[in-house]
Structure formats: structure tokens, C-alpha cells
Amino acid sequence: MANIAVLASGSGSNFEAIAMAFQKAGGRHLVSTLICDQAKAFALKRAERLGIPSVIVSYRGRTRDAAESELASAIDASQASLVALAGFMRILTPNFIKRYRGRIINIHPSLLPDYPGIHSIKRAFSAGESSLGVTVHYVDEGMDTGAVIEQVKVPRRATLEETESAIHDAEHELYPRVLARMLDMY
Ligand code: GRF
């Protein structure tokens, strides 16, 4: 069995999609911990419902290095082979990236290298793109700049809301599938 730690800051729909897909596949892979930097993240409620251990690592009132050292302890304590960022809204330091290089992965709602950063779906939609999409990539020191692992295209829908919803559906299919394939190597 191979473990993965998921880091999230908000809703946690990708975290839940990963956990559910792994459970359905028979438990060969396991989300061994959910780590949140926000005590109010809805992701924590999802973890409770799914019976997955969770840890809150606050960045408030201390250095980023101190917070990251606690992140690393939580990841390592959960015996995770891989670390998946799923809506984790913090920039990680080069030291942290170095520690997990090749084992830390992110999902981004655009066809990278197009539209890195925030509000990607809205920006792509407003720019009139006919084809939008989702990228799973390795995390490096930049903002959404790491090597692409896999992408899927999502055709533009009539409205922004419908397009967003189709992109999130694509994320929930792509991310668990790519992570399971990577965990198979451990
Ligand atoms: C997703 O769109 C993901 O691509 C981006 O942040 C969002 C997180 O959504 N990095 P959720 O918290 O998984 O619902």
C-alpha cells in the first residue's frame, strides 16, 4: 500500500475525489493525512466524514520556515510517498520543494503554461478561449511552472459557471487517476 498526503486550504473537492477514488479502487492507495493551513477549511469536514486523519498547520504569527517544518513533520509522520497540493494557497519555499522534489504534485485549472496563478478559469473564459483545461504538474520553485505530468482539454461551455463546473469535473477525474498511477511506482 502507498500513502499520499493532501494539502488543501479551502473546499477540498479534489481531496475528496482522490480519497473516494482510492477507496473505490479497493484501498491499495491511501490518503494518509489531510493537512490544512486554515482551521475553517471545509476540507477538514470532508476528512472527518471520510474518516481520514487531518492536521491543521497554521502560518499565523510565525515564520514560513517554522510552519513548513511542521508541515514536513506531518507529511513524514503519515508515511506519505507523495504530496498532493489540492487548492493549497501558500507559496512553498525552495527548501521545502527541495526536500520533496519529484514527489510533490499540484493540479491547476488551466492548460499550463497558459494562465498560471489565480482566477485562471475566469481569465481564460474572458479571453474567449474555445478550449480550456486542467493540468497536473510537478511543483518547482515557480508559480505553476513545474514539468507537466498530464493535461486534459475541456471545451468552453455557454457560460462561465458551466465552464467552471466542467473543469472541476475534469479535475476530479484526472487528479486521482494520475496520482494512482504515480503511487503504483512505490
Ligand atoms: C481547484 O480548481 C484546483 O485546480 C486549484 O484550486 C482549486 C481547489 O478546489 N488549484 P478544491 O478545494 O479542491 O475544491
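In each ligand, atom 1 is the first atom listed, and ligand 1 is the first ligand listed.
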Point to revise | Nearest-neighbour protein heavy atom for atom 9 (O) of ligand 1, which is reported as residue plus atom name and distance | key: Asn14 ND2, 3.8 Å

Review point. Does a donor on one side chain and an acceptor on the other come within less than 3.5 Å for His29 and Asp184?
Key: yes

Exercise for review: Give a yes or no on whether a salt bridge exists between Glu164 and Arg157, defined as a side-chain N under 4.0 angstrom from a carboxylate O.
Suggested key: no

Check your understanding: Does Arg28 make a cation-pi contact with Phe22, if we ask for NZ or CZ under 6.0 Å from the ring centre and within 45° of the axis?
Key -> no

Review point. At the 4.0 Å heavy-atom cut-off, does His168 count as touching ligand 1?
Key: yes

Exercise for review: Distance to 0.1 Å, residue and atom name: give those for the protein heavy atom nearest to atom 14 (O) of ligand 1.
Suggested key: Ser13 OG, 2.5 Å

Practice item. Would you kindly say whether Ser13 and His172 are connected by a side-chain donor-acceptor distance under 3.5 Å? Key: yes

Exercise for review: Verify the distance criterion only: is there a donor paired with an acceptor across the side chains of Asn106 and Tyr175 at less than 3.5 Å?
Suggested key: no

Check your understanding: Does the pair Arg99/Glu68 count as a salt bridge with the N-to-O cut at 4.0 Å?
Key -> no

**Study point:** Taking atom 6 (O) of ligand 1 as the reference point, the nearest protein heavy atom with its distance
**Key:** Gly87 CA, 3.5 Å

**Study point:** Nearest-neighbour protein heavy atom for atom 12 (O) of ligand 1, which is reported as residue plus atom name and distance
**Key:** Gly12 N, 2.8 Å

Check your understanding: For Gly10, is at least one N or O under 3.5 Å away from an N or O on ligand 1?
Key -> no

Check your understanding: Touching ligand 1 at all, Pro109? Heavy atoms, strictly under 4.0 Å?
Key -> yes

Revision key, fill the gap. among protein heavy atoms, the one nearest atom 4 (O) of ligand 1 is Glu171 OE2, 2.2 Å

Study note, to complete from the structure: In terms of its nearest heavy atom to atom 10 (N) of ligand 1, the top option of Ile107, Ile18, Val6 is Ile107

Review point. Can you find a side-chain donor-acceptor pair between Tyr115 and Glu129 that sits under 3.5 Å?
Key: yes

**Study point:** Ser11: numbered ligand 1 atoms lying under 4.0 Å from its heavy atoms
**Key:** 12 (O), 14 (O)

